[in-house]
Amino acid sequence: MVSSELVRMFEEVLSVQELIKKPLTSVPQCYVRQQCHNEPALFPDETSSQELPIISLRKLIHGEDTELELEKLNSACRDWGFFQLVEHGISPAVLKTLKDEVEGFFTLPSEEKMKYKIQPGDVEGYGRVIRADDTKLDWGDRFFFKTNPRSIRKPHLLPQFPSSFRSVLESYINEVQNLGMRVIGLLGKALKIEKRELEVFEDGIQNLRMTYYPPCPEPDLVMGLSAHSDASGITILNQMNGVNGLQIKKDGDWIPVNVLSDAFVINIGDILEIMSNGAYKSVEHRATVNSEKERISIAMFYLPKLQADIGPAFSLTNPENPPLFKRTEVGTYVEDYFTHKLDGKSYLDLMRISDQNLSI
Ligand SMILES: O=C(O)CCC(=O)C(=O)O
Ligand SMILES: [Fe+2]
């Protein structure tokens with residue numbers, strides 16, 4: 001539990017960008033992580049031979065290699081829970097303008113960004129949500145907001161953005177929503193889930209998190225984003241300024257992901273692990289920072305619509321393959337998720353049906 005004094009201190013250091021404006025020789029204690037002895041190294045061997053699978057959307061859709069590519073996709077989601085998507089069809093002009101606009105946004109004067117500051121009791125806006133069990137702060141400035149369906153947009157956030165930023169975001173939101181639906185369809189095909197069970201994703205929820213990770217004088221003492229799994233169906237990550245930092249947990253090791261230009265990193269979130277009845281993995285990941293250059297990413301979380309129920313797909317479960325997770329409404333799931341700390345896979349574990357009461 002953090003003391004109220006610590007909460008006040010956390011709230012005062014709302015922006016890491018502001019913090020590093022004064023020359024810093026060491027990192028304030030509220031960012032310093034305690035490395036436990038059995039934790040894998042923060043910066044694992046960069047020569048790791050494990051490379052994230054690369055999947056081509058073009059190959060998944062046209063040509064002779066469709067089946068082969070679908071099998072590659074299937075293995076990537078089972079073994080890694082992550083893959084890099086190339087030839088995804090999102091227009092390069094939108095991606096370039098988006099990068100410039102997001103960079104521009106994070107370099108606005110603090111007073112401008114504070115107009116969008118997260119309000120007490122909310123989770124959307126600029127800044128961080130302090131939870132009762134937080135003990136350390138992440139080295140990154142975030143902006144989280146809900147974009148789809150349009151009716152859930154907060155009037156003081158996206159609608160108030162500078163018009164050039166708003167306009168490119170609208171294009172990106174549309175393109176990435178279509179891409180998300182396409183990828184979900186292909187995952188359903190690879191998993192052999194009946195099409196109608198994926199209809200819950202049509203006009204699904206889309207949330208965006210933009211994160212600016214400033215350079216840090218002592219990068220091995222801090223974490224840009226704590227280890228977590230995503231609550232989404234899938235997440236589409238755009239590492240927009242080409243700087244490495246993302247790490248994925250695989251077989252107990254943290255594997256660094258090399259940014260591939262013109263690729264998105266896509267991962268399976270908790271909801272798809274549940275729907276696939278555990279066949280696809282929602283894998284823990286985290287973001288590290290470096291001492292040289294800021295890192296900017298934008299993550300798009302794609303979820304089924306709010307009224308939908310989530311649970312293991314009926315077309316995948318039977319007496320031989322009983323459901324491993326409980327069913328719940330998306331709305332309840334999302335609300336519960338936000339009240340938990342980003343602490344590995346703990347929330348997904350709450351959804352797991354224990355061995356004693358496995359039932360269909
Ligand atoms: O910035 C990154 O590389 C990771 C972002 C992420 O995992 C998230 O926003 O959930
Ligand atoms: Fe994430």
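Just so you know, residue 1 is the first one in the sequence shown, and it goes up from there. This one's a predicted model, so the numbers in the text were calculated from it and none came from an experiment. Scope of the values below: all heavy atoms of this structure, side chains included, with no hydrogens, waters or symmetry mates.
The CG atom of Leu225 lies 10.5 Å from the OG1 atom of Thr288; values are rounded to the nearest 0.5 Å. Note that the CG atom of Leu70 and the CG atom of Leu187 stand 8.5 Å from one another [nearest 0.5 Å]. For the atom pair CG of Leu198 and CE of Met275, the computed distance is 5.5 Å after rounding to the nearest 0.5 Å. Remark: Asn148 CG to Ile205 CD1 distance equals 9.5 Å, nearest 0.5 Å. Rounding to the nearest 0.5 angstrom, the gap separating the CG atom in Leu60 from the NE2 atom in His88 is 13.0 Å. Put simply, CE on Met351 and OH on Tyr333 are 6.5 Å apart, with the number rounded to the nearest 0.5 Å.
Checking Asn241 against Glu103 by side-chain atom types alone, no donor-acceptor pair falls below 3.5 Å. When only modelled atom types and interatomic distance are considered, Glu197 and Ser315 share a side-chain donor-acceptor pair under 3.5 Å. Between the side chains of Glu69 and Ser56, not a single donor N or O lies within less than 3.5 Å of an accepting N or O. Defined by atom type and a distance below 3.5 Å, a donor-acceptor pair is missing between the side-chain atoms of Asp141 and Tyr213. A side-chain donor-acceptor contact under 3.5 Å links Gln206 and Thr147. With no hydrogens or angles considered, no side-chain donor-acceptor pair links Ser167 and Ser164 at under 3.5 Å.
Using cut-offs of 30° and 60° for the angle between ring planes, the Phe105 and Tyr126 rings count as perpendicular. Using the six-membered ring where Trp is involved, Phe161 and Tyr116 have ring planes that are perpendicular, over 60° apart on the 30 and 60° scheme.
Nearest heavy-atom pair across Phe83 and Cys77 is CE2-SG, 3.9 Å. Heavy-atom minimum distance, Leu137 versus Arg33: O-NH2, 3.4 Å. In terms of heavy atoms, Ile234 sits closest to Gly180 at CD1-O, 3.8 Å. Across all non-hydrogen atoms, the minimal contact from His285 to Trp254 is CA-CZ3, 3.7 Å. Looking at every heavy atom in both residues, Ile353 comes nearest to Pro323 through CD1-O, 3.5 Å.
For Lys72 (side chain) and Ile54 (main-chain N/O), a donor-acceptor pair under 3.5 Å exists by modelled atom type. Counting only distance, with no hydrogens or angles, the side chain of Arg142 and the backbone of Arg128 share no donor-acceptor pair below 3.5 Å. The main-chain N or O of Ser282 is found under 3.5 Å from a side-chain atom of Glu273 such that the two form a donor-acceptor pair. Distance alone, capped at 3.5 Å, places no donor-acceptor pair between the Thr317 side chain and the Asn321 backbone. The backbone N or O of Val32 lies less than 3.5 Å from a partner atom in the side chain of Lys136, making a donor-acceptor pair. Formation of a donor-acceptor pair under 3.5 Å by the Gln84 side chain with backbone atoms of Ile55 is not found in this model. A distance-only check finds no donor-acceptor pair linking the side chain of Gln247 to the backbone of Val257 [under 3.5 Å]. With Arg295 contributing its side chain and Val243 its backbone, the two residues share a donor-acceptor pair below 3.5 Å. Checking side-chain atoms of Lys305 against main-chain N and O of Glu202 turns up a donor-acceptor pair under 3.5 Å. A donor-acceptor pair is defined here as one N or O able to donate and one able to accept, closer than 3.5 Å; no such pair exists between the side chain of Gln17 and the backbone of Pro214.
The side-chain contact (heavy atoms from CB on, under 4.5 Å) test with Asp230 singles out one residue from Ile268, Leu272, Asn267, and that residue is Asn267.
Salt-bridge annotation for Asp79 and Lys281: absent, with no side-chain N of the basic residue lying under 4.0 Å from a carboxylate O of the acidic one. For the pair Asp100 and Lys96, the salt-bridge criterion is met [side-chain N within less than 4.0 Å of a carboxylate O]. Salt bridge present: Arg352 and Asp349 bring a charged side-chain N and a carboxylate O closer than 4.0 Å. Salt-bridge check for Arg150 with Glu170: passed, with a basic side-chain N closer than 4.0 Å to an acidic carboxylate O. Look at Glu18 and Lys21 and you find a salt bridge, because one of the NZ, NE, NH1 or NH2 atoms lies within 4.0 Å of a carboxylate O, short of that distance. Under the 4.0 Å criterion applied to side-chain N and carboxylate O atoms, Arg286 and Asp138 are not assigned as salt-bridge partners.
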Using side chain to side chain contact (heavy atoms under 4.5 Å, CB included), reason through Leu169 and Phe145 one step at a time and then give a plain yes or no. CA-CA 12 Å; Leu169 267 173; Phe145 56 113; 4.2 Å; yes
Go through the steps for Tyr172 and Leu95 under the test side chain to side chain contact (heavy atoms under 4.5 Å, CB included), then give the verdict. CA-CA 8 Å; Tyr172 188 69; Leu95 293 174; 3.7 Å; yes
For Trp80 and Leu52: C-alpha separation, side-chain torsions, deciding distance, then whether side chain to side chain contact (heavy atoms under 4.5 Å, CB included) applies. CA-CA 8 Å; Trp80 286 81; Leu52 201 53; 3.4 Å; yes
Tyr280 and Leu191: side chain to side chain contact (heavy atoms under 4.5 Å, CB included), yes or no, with the steps? CA-CA 9 Å; Tyr280 286 178; Leu191 278 163; 3.5 Å; yes
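Looking only at side-chain heavy atoms (C-beta outward), Phe143 and Lys113 stay at 4.5 Å or farther from each other. Inter-residue side-chain proximity for Phe264 and Leu179 is flagged as met; some heavy-atom pair is nearer than 4.5 Å. Arg209 has its side chain out of reach of Ser297: every pair of non-hydrogen atoms, C-beta onward, lies at least 4.5 Å apart. At a threshold of 4.5 Å between non-hydrogen side-chain atoms, the residues Ile266 and Phe82 do not count as touching. Between Lys154 and Asp122, some side-chain heavy-atom pair lies under the 4.5 Å cut-off. Taking the side chain as every heavy atom from C-beta outward, Lys115 and Gln160 never approach each other to under 4.5 Å. By the 4.5 Å heavy-atom criterion applied to side chains, Asn238 and Leu98 are counted as neighbours. For the pair Met300 and Asn207, the minimum side-chain heavy-atom distance is 4.5 Å or more.
For Arg182, the CZ atom counts as loosely surrounded, since its 6.0 Å shell holds 12 or fewer non-hydrogen atoms of other residues, nucleotides or ligands. The local environment of CG in Asp262 is sparse, with at most 12 non-hydrogen atoms from other residues, nucleotides or ligands closer than 6.0 Å.
Taken together through direct or relayed side-chain contacts under 4.5 Å among Ile, Leu, Val, Met, Phe, Trp and Tyr, Ile236 and Leu260 form parts of separate hydrophobic clusters. Hydrophobic cluster membership is shared by Ile61 and Ile90, with clusters built from Ile, Leu, Val, Met, Phe, Trp and Tyr side chains linked at under 4.5 angstrom.
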